[in-house]
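Here is the naming used below: chain letters follow the sequence lines, and residue numbers restart at 1 for every chain.
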2 protein chains.
Amino acid sequence: MAKSGQRAGRTAGTDPRSNATRQALIEAAIESLRFDGFSGASARTIATRAQSNQGLVFYHFGSVTDLLLAALDEVSNRRMERYSAAVGSAESPTRLATVAAQIFREDLDEGYVTVLVEMMAGATASPALGEEVAKRIVPWLSFTRQVIDHALTGTPFATVVPTDDAAYAVVALYLGLELLSHLDGDRSRALALFERASSFAALFDTGTTSPLEA
Amino acid sequence: MAKSGQRAGRTAGTDPRSNATRQALIEAAIESLRFDGFSGASARTIATRAQSNQGLVFYHFGSVTDLLLAALDEVSNRRMERYSAAVGSAESPTRLATVAAQIFREDLDEGYVTVLVEMMAGATASPALGEEVAKRIVPWLSFTRQVIDHALTGTPFATVVPTDDAAYAVVALYLGLELLSHLDGDRSRALALFERASSFAALFDTGTTSPLEA
DNA sequence: GTCTATACTTGGATAGAC
DNA sequence: GTCTATCCAAGTATAGAC
């Protein structure tokens with residue numbers, strides 16, 4: 001209640017030193033979601049990973065949940081940048097499938113989707129958290145829809161497939177594949193599916209640009 | 001170390017009264033996974049839901065984790081019976097799609113897949129738990145594969161689609177749809193996809209049996 | 001077989017010293 | 001801005017009375 005524009009924890013960061021700590025905590029929270037899971041991502045665990053102090057979680061973020069949401073924002077933003085850049089360079093369906101496979105591999109290896117899935121599953125506990133997480137899924141859905149929209153122009157499917165339904169399905173598949181492959185520690189089966197999608201996409205390569213151009 | 005054949009907690013249940021408590025705890029554990037999530041499913045929460053005592057969790061199951069695994073076994077068995085019965089009555093692809101939609105609706109409404117997903121996501125915490133959960137996914141995968149196998153006989157896809165890859169994808173999609181629709185509390189988008197699958201399946205209804213027969 | 005009591009650990013969160 | 005100390009609630013697990 002002291003200064004204005006100050007929610008739970010100090011949101012601002014007017015001071016220079018503060019930012020480093022915040023960032024370290026966010027990084028550690030990402031790791032913790034990835035390796036300890038939602039249920040294991042406590043203030044103490046995270047602080048230890050950040051080689052920082054447990055109290056700072058509450059100072060900077062107000063609550064553990066808010067830190068976890070900040071962590072989710074971070075990975076979400078990072079991935080969205082990466083996705084945009086990668087997809088922009090893929091003109092043909094085949095190239096797109098290849099790029100998607102590459103991105104998916106990264107997501108699995110770096111645990112980005114793990115973070116998302118852990119937050120989604122963890123949100124079962126509280127409707128409030130659920131709402132916050134839901135907000136952060138929207139960009140993934142709309143981005144996917146845009147990509148599908150773009151990829152389908154010039155193919156027979158363009159007019160048949162409702163792209164927001166397709167996006168919903170693709171994101172669901174993405175999340176499910178993470179769950180499965182993470183569980184048995186084997187990416188190969190999931191990646192094989194992308195291979196297959198690649199071959200399938202090749203059937204429609206006449207659409208926009210020649211594969212040779214990429 | 002006392003008697004043989006006795007793991008953590010009393011596994012047997014030679015006495016008649018014991019079974020009721022065990023069953024109540026399992027039921028409560030299912031509810032807890034569904035509504036409190038993996039992270040909220042503690043011995044205390046579960047015992048409260050079962051209107052039983054916290055200590056009994058450890059008496060009967062040895063640990064909370066083992067109780068949760070027993071809960072997962074329970075839903076897994078229940079669903080497998082239901083699936084088998086339902087699919088057995090579906091002879092044409094269209095009927096199969098309809099039945100699948102029906103089953104999926106049940107799964108969402110009754111929270112069966114929630115339980116599975118919570119356990120999968122919760123297993124991130126410990127490799128040991130992960131292994132146990134992984135074991136319990138196998139039946140879902142092989143059942144799905146069998147259904148796909150059966151559904152594809154007589155269609156053009158029969159020889160083209162590797163059914164275990166397809167099963168992997170279908171299960172992944174199933175899990176992902178649960179995650180998404182559970183999060184925003186809206187089943188309609190997921191169910192719409194099944195509608196679409198139904199229409200698609202109708203294209204191959206000449207295969208085994210006439211739709212009229214069902 | 002069940003319940004209460006209890007021990008111990010971990011986690012969320014705040015207060016106050018530096 | 002950071003760290004330590006501290007409080008309190010919740011969690012796992014066991015012992016012992018009924």
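Contact annotation: Tyr59(A) side-chain N/O to dT2(D) OP1/OP2 distance is not under 4.0 Å. Of the side-chain N and O atoms in Thr21(A), none sit less than 4.0 angstrom from OP1 or OP2 of dG1(D).
Remark: the backbone N or O of Glu110(B) is paired with a side-chain donor or acceptor of Arg34(B) at under 3.5 angstrom. A distance-only check finds a donor-acceptor pair linking the side chain of Ser142(A) to the backbone of Val138(A) [under 3.5 Å]. A distance-only check finds no donor-acceptor pair linking the side chain of Thr45(B) to the backbone of Ala41(B) [under 3.5 Å]. Panel note: side chain Gln54(A), backbone Arg44(A); no donor-acceptor pair is recorded below 3.5 Å.
When the C1' atom of dA13(C) is taken as reference, atom CG of Leu25(A) falls 15 Å away, rounded to whole Å. Atom-to-atom, NE2 of His60(B) to C1' of dA13(D) comes out at 15 Å; the value is rounded to the nearest Å. With rounding to whole Å, Leu67(B) atom CG is found 14 Å from dG11(D) atom P. In this structure, Phe58(A) atom CZ and dC3(D) atom P are separated by 15 Å, rounded to whole Å. Atom CG of Asn19(A) and atom P of dT2(D) are 10 Å apart (whole Å).
Results of the salt bridge (Lys or Arg N to Asp or Glu O under 4.0 Å) test with Asp73(A) over Lys135(A), Arg136(A), Arg78(A) single out Arg136(A) as the only residue that passes.
Among residues at least two apart or in separate chains, side chain to side chain donor-acceptor pair (under 3.5 Å) pairs with a member in residues 170-184 of chain B are Asp107(B)-Tyr174(B), Thr114(B)-Glu178(B).
Nucleic acid contact for Val57(B): none, since no nucleic acid atom lies under 4.0 Å from a heavy atom of the residue.
Residues of residues 42-56 of chain A that place a heavy atom closer than 4.0 Å to DNA chain C, in numerical order, are Ser42(A), Ala43(A), Arg44(A), Thr45(A), Gln54(A).
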